[in-house]
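What follows is a set of notes on a single structure, which appears directly below.
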Amino acid sequence: TDWNKVSTITAMMSGPQMQIDIADIQASFAIIDYDEKINDAVTEDEIIITETGTYNLDNAFIDITVNSISDSVHIYAQQYWVDADNFKTPHPGIHLNPDRYWKISGNIPNDFDATAKLLFNGQMNLSGGYLDNALMTNSDDSLLLFYRASPTTEWVIYSDYELNNWGSTTDKRGAFELSKLKAGEYVFGMMDASIPDAPLNTVLDCPDFLEIKITETNNLKIFPNPANTNISIQLDNPENNITIKIINSSGDTVKIIPVQYKTQSASVKELPAGTYQLYVENSHFERIASQMLIIIH
């Protein structure tokens, strides 16, 4: 009731997807990385609105105008600087922005009387450009705004917006003007049948929970697991200049192992009993494999 942060949960991912139970926490909504400790390509703004007026959320790249308000409203706006999940069903000739999308969270009641503005800029210059140039392969009037309530639902054309091209359909600048702002996710789309369609949504089926794409390319085996004093680590195709990191449940690197062979041995007897995550990284610090490791003594 006083906009307090109720609880913080630290979780070590045990694989490409994991269920985190927050059923016993009395919270209005949950935010991942609220304290901004992860390099997750997200910029955000948090505001508590108590009166009418225009609010420019510079980090989230969204402007909100409140026309009337009867009680305070809490808004957490995020701009994700990555591509959104593609459609779950085919929509030939329609392409989603490969560079950014938005997520709006908070206690936003249905009768919240507020409009919003999302600017687009497909120009290739340093004055606000390069935001949507990869998307905008056609004229401005081929743009669409899509919405979904959560990642488990399909993208649909948002019903409450107008496209303002600022008097030109060819300069690749303008705004989507939303007549109603509601919680959920938003992304720009472009109609262009001349461009090949991207693959459909390949995110793992994980209804009602966080969904994470699989990016690992190298099979990893650890034995024995659970381990006592020593482990053997096997990679299918070890690259040159790769390392193995063992991470504890607090996220700290507790051991680094240079990889020299397809099967590598290492001692873990100095590590306390517990659950760890073992990461394999290449010379570009990219994760190419991971697996949970349990140590017992």
Side-chain angles (χ1 to χ4, degrees), residues 32-33 36 38-45 56-63 77-104 116-148 150-151 153-158 161-178 181 184-204 211-217 282 284-287:
I32 296 176
D33 191 28
E36 300 179 307
I38 305 174
N39 290 331
D40 53 3
V42 181
T43 55
E44 58 275 298
D45 289 289
N56 304 113
L57 308 186
D58 295 332
N59 293 319
F61 281 53
I62 182 171
D63 297 332
Q78 298 170 286
Q79 182 173 214
Y80 286 73
W81 295 93
V82 293
D83 60 320
D85 301 333
N86 199 7
F87 298 107
K88 301 177 188 297
T89 56
H91 293 276
I94 300 180
H95 312 277
L96 300 182
N97 197 329
D99 293 320
R100 60 178 181 148
Y101 69 98
W102 289 264
K103 181 177 181 179
I104 307 297
K117 183 182 295 184
L118 297 171
L119 302 181
F120 62 85
N121 192 327
Q123 295 185 342
M124 297 180 68
N125 58 60
L126 297 179
S127 180
Y130 293 104
L131 291 175
D132 307 299
N133 58 291
L135 170 72
M136 299 188 65
T137 59
N138 212 341
S139 59
D140 298 6
D141 54 5
S142 296
L143 283 167
L144 299 165
L145 180 65
F146 288 89
Y147 168 84
R148 64 184 181 184
S150 75
T153 59
E154 179 64 290
W155 290 107
V156 296
I157 295 177
Y158 193 57
Y161 82 87
E162 290 186 3
L163 176 63
N164 186 343
N165 58 28
W166 295 352
S168 173
T169 61
T170 58
D171 69 351
K172 297 187 176 182
R173 295 175 67 246
F176 286 94
E177 298 177 351
L178 287 63
L181 178 68
E185 298 184 354
Y186 300 82
V187 67
F188 298 158
M190 169 66 68
M191 296 180 61
D192 190 342
S194 67
I195 303 297
D197 294 327
L200 296 181
N201 191 348
T202 56
V203 174
L204 294 176
E211 298 174 336
I212 297 177
K213 295 178 181 177
I214 297 177
T215 57
E216 298 173 13
T217 59
N282 61 21
H284 301 291
F285 303 103
E286 298 171 332
R287 187 183 72 185

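These numbers come from a predicted model, not from an experiment.
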_Set of salt bridge (Lys or Arg N to Asp or Glu O under 4.0 Å) partners for Arg173, sequence neighbours left out_ = none
*May I have the step-by-step check of side chain to side chain contact (heavy atoms under 4.5 Å, CB included) for Leu119 and Phe61, ending in yes or no?*
CA-CA 8 Å; Leu119 302 181; Phe61 281 53; over 6 Å; no
*Leu178 and Phe176: which non-hydrogen atoms are nearest, and at how many Å?*
CD1-O, 3.7 Å
*Which is it for Ile157 and Phe146 under the side chain to side chain contact (heavy atoms under 4.5 Å, CB included) test, yes or no, and what are the steps along the way?*
CA-CA 4 Å; Ile157 295 177; Phe146 288 89; 3.6 Å; yes
*Step by step, work out the side chain to side chain contact (heavy atoms under 4.5 Å, CB included) result for Lys172 and Asp140.*
CA-CA 6 Å; Lys172 297 187 176 182; Asp140 298 6; 3.9 Å; yes
*How far apart are the closest heavy atoms of Leu145 and Phe188, and which atoms are they?*
CD1-CD2, 3.9 Å
*Mark yes or no for whether Asn133, through its side chain, and Gln123, through its backbone, hold a donor-acceptor pair below 3.5 Å.*
no
*asked:* Testing the basics here: between Ile62 and Ala116, what is the closest heavy-atom pair and its distance to 0.1 Å?
replied: CD1-CB, 4.2 Å
*So which heavy atom on Ala60 is nearest to which on Trp102, and how close?*
O-NE1, 2.7 Å
_With rounding to the nearest 0.5 angstrom, report the CD to NZ distance, Glu154 to Lys88._
6.5 Å
*Supply the atom-to-atom distance Asp33 CG to Gln78 CD, rounded to the nearest 0.5 angstrom.*
9.0 Å
*When rounded to the nearest 0.5 angstrom, what distance separates CG in Leu118 from CD in Glu177?*
10.0 Å
_Spacing of Asn56 atom CG and Asp45 atom CG [to the nearest 0.5 Å]_ = 10.0 Å
*How many angstroms lie between CE in Met136 and OG1 in Thr170, if you round to the nearest 0.5 Å?*
10.0 Å
*Kindly determine whether Trp81 and Leu131 satisfy side chain to side chain contact (heavy atoms under 4.5 Å, CB included), including the steps that lead there.*
CA-CA 10 Å; Trp81 295 93; Leu131 291 175; 3.8 Å; yes
*Which residue, Ile94, Asn138, Leu135, forms the side chain to side chain contact (heavy atoms under 4.5 Å, CB included) with Asp192?*
Asn138
*Could you list the residues that satisfy salt bridge (Lys or Arg N to Asp or Glu O under 4.0 Å) with Glu185, not counting sequence neighbours?*
Arg148
_Asn125 atom CG, neighbour heavy-atom count above 12 within 6.0 Å_ = yes
*Side chains of Asp132 and Asn121: do they bring a donor and an acceptor to under 3.5 Å?*
no
*asked:* If I compare all heavy atoms of Asp171 with all of Asn165, which pair ends up nearest, and what's the gap?
replied: OD1-O, 4.2 Å
*Listed by chain and number, what are the ring-ring contact (aromatic ring centres under 6.0 Å, His included) partners of Tyr158, not counting sequence neighbours?*
Tyr147, Tyr186
*asked:* Taking the side chain as everything from C-beta on, heavy atoms only, tell me whether Leu96 gets closer than 4.5 Å to Asn86.
replied: yes
*What pair of heavy atoms forms the shortest contact from Asp197 to His95, and how long is it?*
OD1-CE1, 3.4 Å
*Quick one: pull up CH2 in Trp166 and CZ in Phe120 and give me the separation to the nearest 0.5 Å.*
7.5 Å
